[in-house]
Amino acid sequence: MVVLAGGVFVGAVSIYLAASLLPTAVEQIGGRELYAWNMTVFLAGQVIAAMLTATVLRRIGARPAYATGFGVFAAGSVVCALAPAMPLMLAGRGLQGLGAGLLSGLGFALIQASLPSALWSRGTAVISAMFGAGNFVGPAVGGAMAQAGAWRWAFAALASCAVLLGGVAVRVLRPDGVPAQGELRIPVWSLVSVVAATGALSVAGLSESWTVRLALVCAAALLLIGFVLVESRHPVRVLPVSTYRGGSAMRWVYLTIAALASAVAVETFLPLFGQRLGQLPPVVAGFYGAALSLGWALTQIGSASARGRAVSVLIPAGPAVLTVGLAALTLLFVPNASTVLVLVWLIALLVAGAGIGMAMPHLTARAMSLAEDPAEAQQAAAAVATVLTMATATGAAIAGLLVNIGQPELTAAARYLFAGFTIIALLGTGTARLSAGRVPGR
């Protein structure tokens with residue numbers, strides 16, 4: 001569990017640590033015009049690697065896969081630490097994304113292989129909690145290192161952690177735990193479709209032209225439809241074959257996970273809204289940006305112990321609570337907010353995150369339980385990380401688009417952002433009802 005959770009943790013920390021460090025790094029190495037691409041490159045690498053997790057695991061086995069994931073992440077961190085200019089920094093961020101995506105996928109995949117089914121939801125809760133932990137540790141460490149002018153040492157520390165955890169992984173994972181099973185077959189068109197769709201949404205968020213925005217959003221929608229069509233007809237898939245069979249609840253499970261995970265994208269803009277609309281100090285506003293993830297992490301630790309009928313209640317309740325929290329935030333963000341109202345923002349963010357935590361561990365366990373054989377169960381588990389990563393990347397692009405639509409008025413931008421994700425969460429309540437039947441064997 002240290003290995004599985006640690007792999008997710010270093011990736012989660014790197015996202016927010018880099019966000020805290022990059023303003024200081026740009027002052028030294030330049031490349032301000034490429035600043036926004038740091039997150040885009042990281043997320044693209046993360047999506048690609050997460051989608052390849054099941055394939056890599058089948059091809060080389062668990063121990064070499066973990067060594068590769070930690071090794072690539074460490075190499076990317078070293079490149080970032082030594083980067084003399086922004087193009088090399090982007091290369092390092094891309095490698096970090098590839099390593100983080102593979103480690104996240106392996107974490108979920110090996111829950112299925114390493115733990116009995118009765119512990120799948122608890123294992124998922126521990127691993128998912130690392131996202132919330134990373135959201136706190138990343139800004140805290142990154143901010144402190146940036147203030148001390150030691151941003152390069154922060155990336156070096158990430159590399160050291162990855163090397164240490166890689167050594168632990170090689171030591172504790174049995175060579176025969178998840179052995180290699182076949183040739184490396186890459187779902188090329190699935191990868192191209194998802195990365196292109198995310199890129200189109202990201203560019204739409206940067207454009208000032210409504211015509212260009214609409215065209216790019218339509219292109220992204222068509223590319224995502226293309227992903228589904230390719231997946232359903234091609235023998236090399238990212239998602240389990242059950243996802244595309246009539247009557248299977250697997251598709252609704254993954255759609256619900258996507259709806260819940262995409263909401264985390266609102267955190268990107270919370271520090272900005274907190275400073276400008278709530279007059280919060282930068283440090284406090286930064287931690288407001290992690291409040292939703294904190295609600296997710298804390299709630300799912302308690303939720304993971306639920307069994308039987310309680311699970312069927314928690315799965316649809318999760319998106320409903322998330323919807324309520326986001327809807328409240330849509331109404332509550334106003335300029336020059338009072339201290340009391342700013343505290344209410346915090347409560348609403350924690351409630352919204354609690355909605356994710358109520359349902360997420362049981363959705364992951366349900367995806368594995370719905371698989372028709374052990375090999376598909378492993379793919380179903382790895383696909384959870386893929387869906388989480390795709391949803392996070394797509395959500396970030398949608399968030400940027402919604403905020404850009406509301407600009408230059410910051411209150412309008414906040415309301416567009418929260419209203420948009422309220423609608424997505426509301427759609428998640430519908431898919432959750434279709435996925436929340438009795439979980440086999442539990």
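Side-chain contact between Phe73 and Val10: present, with at least one pair of heavy atoms (C-beta onward) separated by less than 4.5 Å. Contact check for Val228 versus Tyr244: side-chain heavy atoms found under the 4.5 Å cut-off. Using a 4.5 Å heavy-atom threshold, the side chains of Leu255 and Leu434 count as separate. Within the 4.5 Å cutoff, the side chain of Arg307 has heavy atoms near those of the Ser121 side chain. For the pair Val266/Leu329, no side-chain contact is recorded, criterion being any heavy-atom separation below 4.5 Å from C-beta on. Between Phe42 and Gln96, some side-chain heavy-atom pair lies under the 4.5 Å cut-off. At a threshold of 4.5 Å between non-hydrogen side-chain atoms, the residues Thr68 and Leu102 count as touching. Proximity of Leu270 to Phe333: side-chain heavy atoms (C-beta onward) are separated by under 4.5 Å at one or more points.
Between the OG1 atom of Thr392 and the CG atom of Leu43 there is a distance of 7.5 Å, given to the nearest 0.5 Å. Note that CE of Met89 and CZ of Arg93 are 8.5 Å apart. Values are rounded to the nearest 0.5 Å. Remark: Ser104 OG to Met130 CE distance equals 12.0 Å, nearest 0.5 Å. In this structure, CZ on Arg276 lies 12.5 Å from CZ on Phe269, to the nearest 0.5 angstrom. Distance CE/Met358 to CG/Leu314: 5.0 Å, rounded to 0.5 Å. The line from CD1 of Ile257 to OG of Ser262 is 12.0 Å long, rounded to the nearest 0.5 Å.
Side chain of Ser242 to main chain of Met250: no donor-acceptor pair is present (N/O by atom type, distance under 3.5 Å, no hydrogens or angles). Within the 3.5 Å criterion, the main-chain N or O of Leu332 finds a donor-acceptor partner in the side chain of Trp345. Here the side chain of Thr299 pairs no donor or acceptor atom with the backbone of Gly357 at under 3.5 angstrom. Listed for the Tyr416 side chain is no donor-acceptor partner under 3.5 Å among the backbone atoms of Leu401. Counting only distance, with no hydrogens or angles, the side chain of Glu267 and the backbone of Ser293 share a donor-acceptor pair below 3.5 Å. Between the side chain of His362 and the backbone N or O of Ser303 there is at least one donor-acceptor pair closer than 3.5 Å. Checked by atom type and distance alone, the side chain of Thr243 pairs as donor or acceptor with a backbone atom of Pro240 at under 3.5 Å. The backbone N or O of Met145 lies less than 3.5 Å from no partner atom in the side chain of Trp151, so there is not a single donor-acceptor pair. Here the side chain of Arg122 pairs no donor or acceptor atom with the backbone of Ser305 at under 3.5 angstrom. Formation of a donor-acceptor pair under 3.5 Å by the Gln46 side chain with backbone atoms of Leu98 is not found in this model.
Of the options Thr431, Val387, Val384, Leu370, a side chain to side chain contact (heavy atoms under 4.5 Å, CB included) to Val253 is made by Leu370 and by none of the others. Residue Ile111 forms a side chain to side chain contact (heavy atoms under 4.5 Å, CB included) with just one option from Thr364, Thr124, Val126, and that option is Thr124.
When all heavy atoms of Leu350 and Ala291 are compared, the closest pair comes out as CD2-O, 3.4 Å.
Side-chain N/O atoms of Thr422 and Thr323 include no donor and acceptor closer than 3.5 Å.
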